[in-house]
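One structure is given below, encoded as structure tokens.
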There are 4 protein chains.
Amino acid sequence: MLKSAKRARSAEDKSLKRDLILNTASQLFDDSPDTLPTAAAIANHSGIAKGTVYLYFKSKEEIFLALLEQHYQAWFSDIRSAITADKPDSDEIINALCHYIESQPQFFQLASLSSSIIEQNVDSKILLEFKKRLVEIITSASKDLAQRLDLDEYETCAQLLMRSYAMLLGLWQVSHPPEKVAKTLDNPNLTLIQPEFGLEARDALAQLWHGYVGQKGAKSSGRFWKIGNLFAKTE
Amino acid sequence: MLKSAKRARSAEDKSLKRDLILNTASQLFDDSPDTLPTAAAIANHSGIAKGTVYLYFKSKEEIFLALLEQHYQAWFSDIRSAITADKPDSDEIINALCHYIESQPQFFQLASLSSSIIEQNVDSKILLEFKKRLVEIITSASKDLAQRLDLDEYETCAQLLMRSYAMLLGLWQVSHPPEKVAKTLDNPNLTLIQPEFGLEARDALAQLWHGYVGQKGAKSSGRFWKIGNLFAKTE
Amino acid sequence: MLKSAKRARSAEDKSLKRDLILNTASQLFDDSPDTLPTAAAIANHSGIAKGTVYLYFKSKEEIFLALLEQHYQAWFSDIRSAITADKPDSDEIINALCHYIESQPQFFQLASLSSSIIEQNVDSKILLEFKKRLVEIITSASKDLAQRLDLDEYETCAQLLMRSYAMLLGLWQVSHPPEKVAKTLDNPNLTLIQPEFGLEARDALAQLWHGYVGQKGAKSSGRFWKIGNLFAKTE
Amino acid sequence: MLKSAKRARSAEDKSLKRDLILNTASQLFDDSPDTLPTAAAIANHSGIAKGTVYLYFKSKEEIFLALLEQHYQAWFSDIRSAITADKPDSDEIINALCHYIESQPQFFQLASLSSSIIEQNVDSKILLEFKKRLVEIITSASKDLAQRLDLDEYETCAQLLMRSYAMLLGLWQVSHPPEKVAKTLDNPNLTLIQPEFGLEARDALAQLWHGYVGQKGAKSSGRFWKIGNLFAKTE
DNA sequence: AATGAATGAGGATTCATTCAT
DNA sequence: GATGAATGAATCCTCATTCAT
């Protein structure tokens with residue numbers, strides 16, 4: 001419960017306070033990842049008044065949309081790093097795709113609530129802007145990938161990334177039941193429908209990307225495509 | 001708002017009332033697919049009392065879990081039909097995978113609420129049983145598929161199906177924003193992150209399955225694998 | 001804080017519980033007549049749960065609309081008694097008009113909040129029904145009056161009653177400042193704009209009714225119209 | 001949304017800014033006449049800061065009390081003009097009483113909120129001063145009227161004016177339901193309790209004034225009292 | 001004088017579920 | 001079996017006002 005005594009007059013101060021709210025919301029959500037924390041809790045744990053929260057965000061859900069966007073940005077940053085690394089291969093990119101999600105479980109926890117809860121309560125205008133920014137990020141990463149693969153058009157790369165995201169999101173939801181029932185379901189018979197996310201994700205992505213290259217042809221260097229190997233490992 | 005005054009004495013009567021509740025819940029959910037209808041609404045529109053609903057289901061969410069299970073069963077029934085058809089090929093199976101989802105949008109609408117809302121409020125024991133039955137269904141379908149592909153082990157087929165499900169679930173969520181914002185987001189710039197589900201799903205699955213065969217080798221007859229063609233069409 | 005243990009199954013029981021809520025609301029409003037009591041307070045002091053209040057009334061304001069209607073009914077009941085009394089004269093009717101308001105200050109306290117607060121938050125349909133019933137009550141009283149005055153048409157009587165109501169409502173608001181400032185304003189210089197309601201009301205009504213008879217002619221017996229005398233008294 | 005950056009150094013500047021606030025408040029209230037606009041809205045639309053509003057008015061309601069006072073002043077100015085006109089008669093005065101109210105619906109919209117909302121939140125001292133000034137205005141007008149009627153004492157004239165005000169205020173509230181329900185109530189059966197204000201007001205005032213002259217005798221010239229005629233017209 | 005960030009009290013209503021009848 | 005009256009937890013956001021800058 002931090003106490004930020006002075007008022008945020010400057011743009012920088014404001015940005016700091018905004019971050020304070022975001023950080024508090026992030027922590028509280030981590031504490032109980034199945035529901036969004038209440039506005040009151042966020043205010044209290046931030047050491048500010050409830051009303052103040054609404055000076056920085058128009059609704060509670062907007063806070064978590066902002067949090068989600070931070071994750072998207074960080075995620076794609078990692079992805080682009082992997083793509084534009086010195087001599088990347090598909091394994092490394094797939095690894096980048098999975099690693100951030102694993103190390104920041106909050107990301108997909110939020111993403112899973114996104115369509116059912118968060119987007120419901122966010123102003124359409126805000127949401128539209130959010131999605132436009134998302135498109136840009138994805139487009140940029142896709143272009144990087146296209147360049148790496150020596151492709152003229154980036155559209156199929158964008159598709160590949162979106163499908164990878166969809167696959168990961170689906171796998172996450174399949175493999176992460178609500179915490180309160182997680183124990184009960186920790187049943188060996190259920191590994192099929194409740195796989196260990198990290199392994200399954202890598203393997204599934206490898207398969208998907210393998211399909212991509214199979215269809216797109218061998219235009220790109222064989223050195224890039226290591227996805228077959230990865231698949232082999234888990235077999 | 002039906003009025004069924006008589007009591008459900010026999011087992012059949014009970015089953016009928018249970019179905020009545022399920023059907024009512026189904027209709028109401030179709031009417032506003034972004035939230036589960038209230039218990040009161042379900043009771044009213046069924047022509048029964050609120051308390052009666054709880055004689056047949058322990059919680060509201062259990063109703064929708066049952067509904068969801070019906071969908072899973074119907075879906076896998078279709079899938080198995082496609083697999084065990086006279087001379088199936090991958091396109092037909094992929095088509096089966098997609099067709100039911102498209103014709104019964106309620107299915108994935110529910111599935112999307114499953115982890116975030118439904119499973120949260122269902123008794124662990126019930127949920128466990130539900131999931132076990134699910135495993136069986138998937139296993140059976142997987143075995144069918146393995147047999148069709150002339151494989152000794154069905155596990156990778158089960159994985160393939162699960163991954164297909166995950167992919168479809170992710171794509172559904174990506175391509176179906178909450179109704180109230182759907183119009184605002186009907187923006188050509190957003191097609192990347194809001195693709196037309198039917199096309200994208202078929203294409204993505206083809207890719208995934210292509211990857212599968214690529215990795216698993218050509219043990220199965222070449223006639224089965226038409227997925228390359230399908231991909232080619234949309235290219 | 002009454003405790004009504006059993007459930008209201010019968011219509012009579014329900015009516016009793018409804019009355020309980022109304023009575024509690026009435027008392028609480030008397031305690032602080034400048035604002036409507038909260039729904040929580042009404043529930044607590046009734047010894048019932050908040051939700052129960054909403055089983056009997058769709059909104060808080062509806063409670064007070066019901067209370068207001070009771071007053072209208074009682075008021076017009078008194079008025080009609082005065083009109084149809086053995087040998088009524090105008091003074092007695094005017095007295096009836098004023099007496100109830102004086103003895104039940106809550107009536108006009110509510111009436112004064114009616115247009116600004118209560119009607120704002122009541123469902124249009126409910127409000128319409130309420131007003132229709134009001135029209136009927138007024139019409140009936142008007143017909144009584146017309147009969148007493150030996151008039152063929154009751155419309156001008158209805159008008160007279162409505163104008164009497166309007167006058168009384170206006171005078172009430174003028175003479176009853178919010179409690180918290182009543183003391184400060186208890187100033188001899190302000191008697192003009194803050195007259196003693198009872199006296200002023202009788203006098204003003206006498207004047208209005210005097211104008212009525214002056215315009216409508218002497219069709220009715222001179223014995224009825226004593227309003228001149230009344231006026232003379234306060235002069 | 002004007003932008004007046006400079007400070008209000010001189011008394012004139014201050015007065016100008018006060019007027020700016022009043023005008024903005026007036027416009028905003030016209031836009032949604034059932035509730036007082038928020039302090040934030042007034043500030044924004046005035047192009048000044050919220051805090052600045054409170055340099056000129058101690059509370060939001062004080063703004064509207066000031067607005068109301070302006071209306072009272074303008075109204076009585078019109079009334080006195082009518083009274084002191086060359087050869088006024090009662091019809092003309094009654095017309096003056098009604099005309100301003102009709103052309104400035106904001107006046108009585110505010111007056112109707114006065115006792116229930118505005119006076120509640122105004123400092124007692126301010127309110128007292130306000131009311132004293134009101135008394136003076138009314139007194140002056142009353143004296144004008146007494147003079148015109150050749151009466152020695154103005155008190156009964158003051159009473160007549162106050163009663164006229166009360167009647168008009170009551171009629172206004174009766175005939176002006178909250179906007180959001182106005183349509184629903186636009187029902188021919190309700191004309192009795194929802195008369196057209198302008199017609200009803202003139203007629204009712206004529207009746208009241210008729211009663212006045214009936215009681216006060218014919219001291220004043222017959223030429224003044226045309227109210228009988230007016231009534232006849234609408235009969 | 002002016003600003004505008006911060007405050008925090010304040011309140012109606014919904015709805016899943018239970019249990020007395 | 002059926003009912004439906006009763007429960008009461010749960011929570012967001014607005015907005016008048018203040019006061020540090």
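Reminder, nothing fancy here: chain letters follow the sequence lines and each chain counts from 1.
In this structure, NZ of C:Lys60 is placed 8 Å from P of E:dT13, rounded to the nearest angstrom. For the pair A:Lys17 NZ and E:dG4 P, the interatomic distance rounds to 16 Å; values are reported in whole Å. The separation between A:Lys14 atom NZ and E:dT3 atom P is 14 Å, rounded to whole Å. Note: CZ (B:Arg18) to P (F:dG1) measures 14 Å, nearest angstrom. To the nearest angstrom, P of E:dA16 lies 12 Å from CG of B:Asn44. F:dC15 atom P lies 14 Å from atom CG of D:Asn121, rounded to whole Å. Regarding A:Gln120, its CD atom lies at a distance of 16 Å from the C1' atom of F:dC12, rounded to whole Å. Taking atom CD1 on A:Ile118 and atom C1' on F:dC12, their separation rounds to 16 Å, with Å as the unit.
Listed by chain and residue number, nothing satisfies the side chain to side chain donor-acceptor pair (under 3.5 Å) test with A:Gln27 (two or more places apart in sequence, or in another chain). Residues passing the side chain to side chain donor-acceptor pair (under 3.5 Å) test with A:Ser115, sequence neighbours excluded: none.
Between the CZ atom of B:Arg18 and the CG atom of B:Leu55 there is a distance of 13.0 Å, given to the nearest 0.5 Å. Once rounded to the nearest 0.5 Å, the distance linking CG of B:Leu16 with CG of B:Asn23 reads 10.5 Å. One distance of note links CD of C:Glu129 with CG of C:Asp123; it measures 10.0 Å at 0.5 Å rounding. Taking CD1 of B:Ile126 as the reference point, atom CZ of B:Phe57 lies at 10.5 Å (rounded to 0.5 Å).
With hydrogens and angles ignored, a donor-acceptor pair closer than 3.5 Å exists between the side chain of A:Lys50 and the base of E:dG10.
Note on the helix from E:dA2-F:dT21 to E:dT21-F:dA2: angle between the axes of the first and last five pairs equals 0°, rounded to 10 degrees.
Where A:Lys58 and D:Ala40 each meet DNA chain F at their nearest nucleotide, the meeting point lying more 5' is that of A:Lys58. Both D:Ala49 and B:Thr38 lie near DNA chain E, and the one whose nearest nucleotide falls closer to the 5' end is D:Ala49. For the pair B:Glu61 and D:Val53, nearest-nucleotide mapping onto DNA chain E gives the more 5' position to D:Val53.
Side-chain nitrogen and oxygen atoms of B:Tyr56 include at least one within less than 4.0 Å of the OP1 or OP2 phosphate oxygen of F:dA2.
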Anything under 3.5 Å between a protein N or O and an N or O of nucleotides 19-21 of chain E, put it in a table, one pair a line.
unit_1, atom_1, unit_2, atom_2, d
E:dC19, O2, C:Arg7, NH1, 3.0

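Within 4.0 Å of B:Phe57, counting heavy atoms only, lies no atom of the nucleic acid at all. Using a 4.0 Å heavy-atom distance criterion, B:Thr52 is classed as a base contact.
Looking at B:Ser114 and B:Leu68, their side chains come closer than 4.5 Å, going by heavy atoms from C-beta outward.
In this structure, the side chain of B:Ser26 does not engage the main chain of B:Leu22 through any donor-acceptor pair within 3.5 Å.
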Show every donor-acceptor pair shorter than 3.5 Å between a side-chain atom in residues 28-40 of chain D and any protein atom, with sequence neighbours excluded, or say none if there are none.
unit_1, atom_1, unit_2, atom_2, d
D:Asp30, OD1, D:Gln106, NE2, 3.0
D:Asp34, OD2, D:Glu179, N, 3.0
D:Thr38, OG1, D:Ala41, N, 3.0

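Sequence neighbours left out, not one pair with a member in residues 49-61 of chain A passes side chain to side chain donor-acceptor pair (under 3.5 Å).
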